[in-house]
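Below: one structure, written as structure tokens.
In the text below, chain A, chain B and the rest are named by the order of the sequence lines, each starting its count at 1. Since this is a predicted model, take the numbers as computed values, not measurements.
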There are 2 protein chains.
Amino acid sequence: MLDDVRPDVPVRTPTSRVRKRHEATRAEILAAAWSLVRAHGLAALTLRDVAREVGMRAPSLYSYFPSKNAIYDAMYVQGCREFVEYYEQIPVTDDALTDLRAGMHAFVRFCTDDPARYQLLFQRTLPGFEPTPDSFSWAVRGLDLLRRRLSVHGYDEDVLDLLTAIGTGLADQQISNDPGGDRWIRLIDDAMTMFHNHVSR
Amino acid sequence: MLDDVRPDVPVRTPTSRVRKRHEATRAEILAAAWSLVRAHGLAALTLRDVAREVGMRAPSLYSYFPSKNAIYDAMYVQGCREFVEYYEQIPVTDDALTDLRAGMHAFVRFCTDDPARYQLLFQRTLPGFEPTPDSFSWAVRGLDLLRRRLSVHGYDEDVLDLLTAIGTGLADQQISNDPGGDRWIRLIDDAMTMFHNHVSR
DNA sequence: GTCTATATTTGGATAGAC
DNA sequence: GTCTATCCAAATATAGAC
């Protein structure tokens with residue numbers, strides 16, 4: 001084939017420039033989708049709205065995502081990556097209680113910062129959606145990070161399960177019953193004291 | 001008017017017999033709706049499906065409920081009443097830890113027994129629905145009962161908030177990450193020991 | 001009260017021109 | 001890649017006969 005004369009840039013492979021533009025538009029679409037779900041709820045997202053937000057018509061989105069669920073799926077991966085980034089920037093000390101408190105504050109803040117994201121990642125009540133196995137592996141990665149952070153101080157499985165329950169409970173109550181406030185956030189330090197005393201018995 | 005000749009049973013007022021039949025059909029419709037949401041998810045409920053389940057056509061449901069959300073609303077009230085019934089049958093002892101454990105087991109069991117009901121009552125992620133003020137008062141009633149049960153042993157507000165966080169967290173993790181199992185259920189007694197030791201400091 | 005028929009809306013997805 | 005036009009399906013709700 002003639003194409004093989006220039007194997008580095010074969011016909012049909014978009015140039016790096018074109019690919020970058022494509023990726024940029026994809027990112028713009030996702031940003032618009034996030035903006036909409038934050039404003040109107042996760043389940044209220046429609047392709048028409050997303051398209052209008054980025055100055056397109058709905059069918060044009062199909063050049064970037066094969067379906068609506070593919071958009072949700074990409075948002076899911078983004079959320080997982082944000083979670084990992086959130087956690088990696090928390091310093092680890094040699095004091096278990098300090099780390100527990102910092103970790104729990106980070107977790108609850110991550111959840112309350114964006115309830116729509118919380119619903120997508122952790123509640124999974126979206127009608128027809130579930131993440132692809134590939135995307136779900138990102139969630140596993142985030143959870144692993146969380147567990148590794150905590151197992152540094154020697155906690156076992158059951159104790160980690162108790163801790164995740166306290167975490168989701170605090171975040172859930174804060175979001176459901178005092179959105180924008182701090183009624184459960186201000187219980188975090190005390191809750192971690194309780195937890196720490198218990199597991200150090 | 002001639003109707004006034006028999007003021008006990010005026011025209012246009014259905015007889016007790018007719019009213020009872022009407023109520024029975026309403027109950028049948030609600031039972032069908034519960035059955036469907038348990039099988040296919042809370043958000044997947046459609047009037048056609050409900051009607052088919054009770055041997056009707058969709059428009060006939062409008063003789064019993066003015067809208068789909070009115071059905072959700074009636075289910076919401078039913079769920080709240082079931083919650084109250086669940087709690088009223090729990091014996092109160094003079095031992096705080098015993099009551100904490102029994103109360104928390106009851107709460108988590110109530111949630112895990114019917115995840116669709118849990119979602120309707122506590123998560124409130126249903127697209128266009130929110131309970132009418134009248135129905136919501138039933139939820140307040142349930143929460144009041146819960147608080148009264150616990151305040152018997154002298155807990156203050158912040159402590160109750162911590163306890164509700166632990167409760168929703170345990171229920172949420174059990175439903176989301178181990179449906180049908182007992183991975184978080186078996187942590188309840190230990191969690192209540194932790195809580196009790198902490199607040200009795 | 002129940003039905004058939006239908007209005008209305010909505011929204012995901014596709015075809016094909018440019 | 002983007003558009004217009006359209007399809008298709010689902011689902012709530014209403015009108016009016018019986």
Side-chain angles (χ1 to χ4, degrees), chain A residues 11-33 35-37 39-76 120 126-130 132, chain B residues 11-33 36-37 39-76 126-130 132:
Chain A
V11 170
R12 295 268 164 222
T13 295
T15 65
S16 146
R17 191 186 145 67
V18 168
R19 207 174 337 121
K20 273 216 171 103
R21 175 94 181 84
H22 192 83
E23 278 310 305
T25 307
R26 257 181 77 101
E28 204 183 329
I29 289 167
L30 288 179
S35 169
L36 287 169
V37 298
H40 307 123
L42 189 63
L45 191 72
T46 74
L47 295 181
R48 283 164 166 74
D49 289 346
V50 175
R52 177 160 6 95
E53 193 84 356
V54 297
M56 278 181 181
R57 302 296 184 142
S60 305
L61 296 176
Y62 285 85
S63 296
Y64 299 94
F65 296 93
S67 72
K68 184 187 179 183
N69 272 350
I71 294 181
Y72 277 133
D73 200 59
M75 294 169 77
Y76 183 87
L120 177 64
L126 206 51
F129 169 75
E130 65 176 330
T132 60
Chain B
V11 169
R12 295 269 163 223
T13 296
T15 64
S16 146
R17 190 186 145 68
V18 169
R19 205 171 341 117
K20 273 216 171 105
R21 176 92 181 85
H22 192 82
E23 279 309 307
T25 307
R26 258 182 77 101
E28 203 183 330
I29 289 167
L30 288 179
L36 287 168
V37 299
H40 308 121
L42 189 62
L45 191 72
T46 73
L47 295 182
R48 292 185 203 306
D49 290 345
V50 175
R52 177 160 8 94
E53 192 84 357
V54 297
M56 278 180 182
R57 302 299 184 139
S60 305
L61 297 176
Y62 285 85
S63 296
Y64 300 94
F65 296 94
S67 71
K68 183 186 179 180
N69 272 350
I71 295 181
Y72 277 133
D73 201 59
M75 294 169 78
Y76 183 87
L126 206 51
F129 169 75
E130 65 175 330
T132 60

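- As judged by a 4.0 angstrom heavy-atom cut-off over every strand, B:Leu45 is placed among residues touching the sugar-phosphate backbone only.
- Annotation: the terminal axes of the helix from C:dG1-D:dC18 to C:dC18-D:dG1 meet at 10°, where each axis is the rotation carrying the C1' atoms of four end pairs onto the next four (5 pairs per end, rounded to 10°).
- Of the two residues contacting DNA chain C, namely A:Ala44 and B:His22, the nearest-nucleotide position lying further toward the 5' end is that of B:His22.
- For CD of B:Glu23, the number of neighbouring non-hydrogen atoms (other residues, nucleotides, ligands) closer than 6.0 Å is greater than 12.
- Within the structure, the ring pair (Phe, Tyr, Trp, His ring centres under 6.0 Å) test picks out the following pairs touching residues 55-75 of chain A (sequence neighbours left out): A:His22-A:Tyr64, A:Tyr72-A:Phe129.
- Taking A:Asp49 as the reference, A:Arg52 meet the salt bridge (charged side-chain N to carboxylate O under 4.0 Å, His left out) condition, with sequence neighbours excluded.
- The CG atom of A:Leu61 sits 11.0 Å away from atom CZ of A:Arg48, with the distance rounded to the nearest 0.5 Å.
- Looking at heavy-atom distances under 4.0 Å, B:Ser67 makes contact with sugar-phosphate atoms alone, never a base.
- We find that CG of A:Asn69 is positioned 10 Å from C1' of C:dG12, with the value rounded to whole Å.
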Passes side-chain contact (heavy atoms from CB on, under 4.5 Å), B:Leu47 versus B:Ile71? Steps please. CA-CA 9 Å; B:Leu47 295 182; B:Ile71 295 181; 3.8 Å; yes

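- Residues from residues 54-64 of chain B that place a heavy atom under 4.0 Å from any atom of DNA chain D, listed by number: B:Pro59, B:Tyr62.
- Checking side-chain atoms of B:Lys68 against main-chain N and O of B:Leu45 turns up a donor-acceptor pair under 3.5 Å.
- Distance B:Leu47 CG to C:dT8 P: 19 Å, rounded to the nearest Å.
- Interatomic distance, CG of A:Leu30 versus OG of A:Ser35, reported as 12.5 Å (0.5 Å rounding).
- Remark: A:Ser63 engages no residue in a side chain to side chain contact (heavy atoms under 4.5 Å, CB included) (not counting sequence neighbours).
- No hydrogens or angles considered: a donor-acceptor pair under 3.5 Å links the side chains of A:Thr25 and A:Arg21.
- Residues B:Arg19 and B:Pro14 come closest through the heavy atom pair NH2-O, 3.7 Å.
- Bracketed by its first and final contacts, the part of DNA chain D lying under 4.0 Å from non-hydrogen atoms of chain B reaches from D:dA11 to D:dT14 in 5' to 3' order.
- Distance, A:His40 NE2 to C:dG11 C1': 16 Å, rounded to whole Å.
- Atom OG1 in A:Thr46 sits 10.0 Å away from atom NE2 in A:His40 (nearest 0.5 Å).
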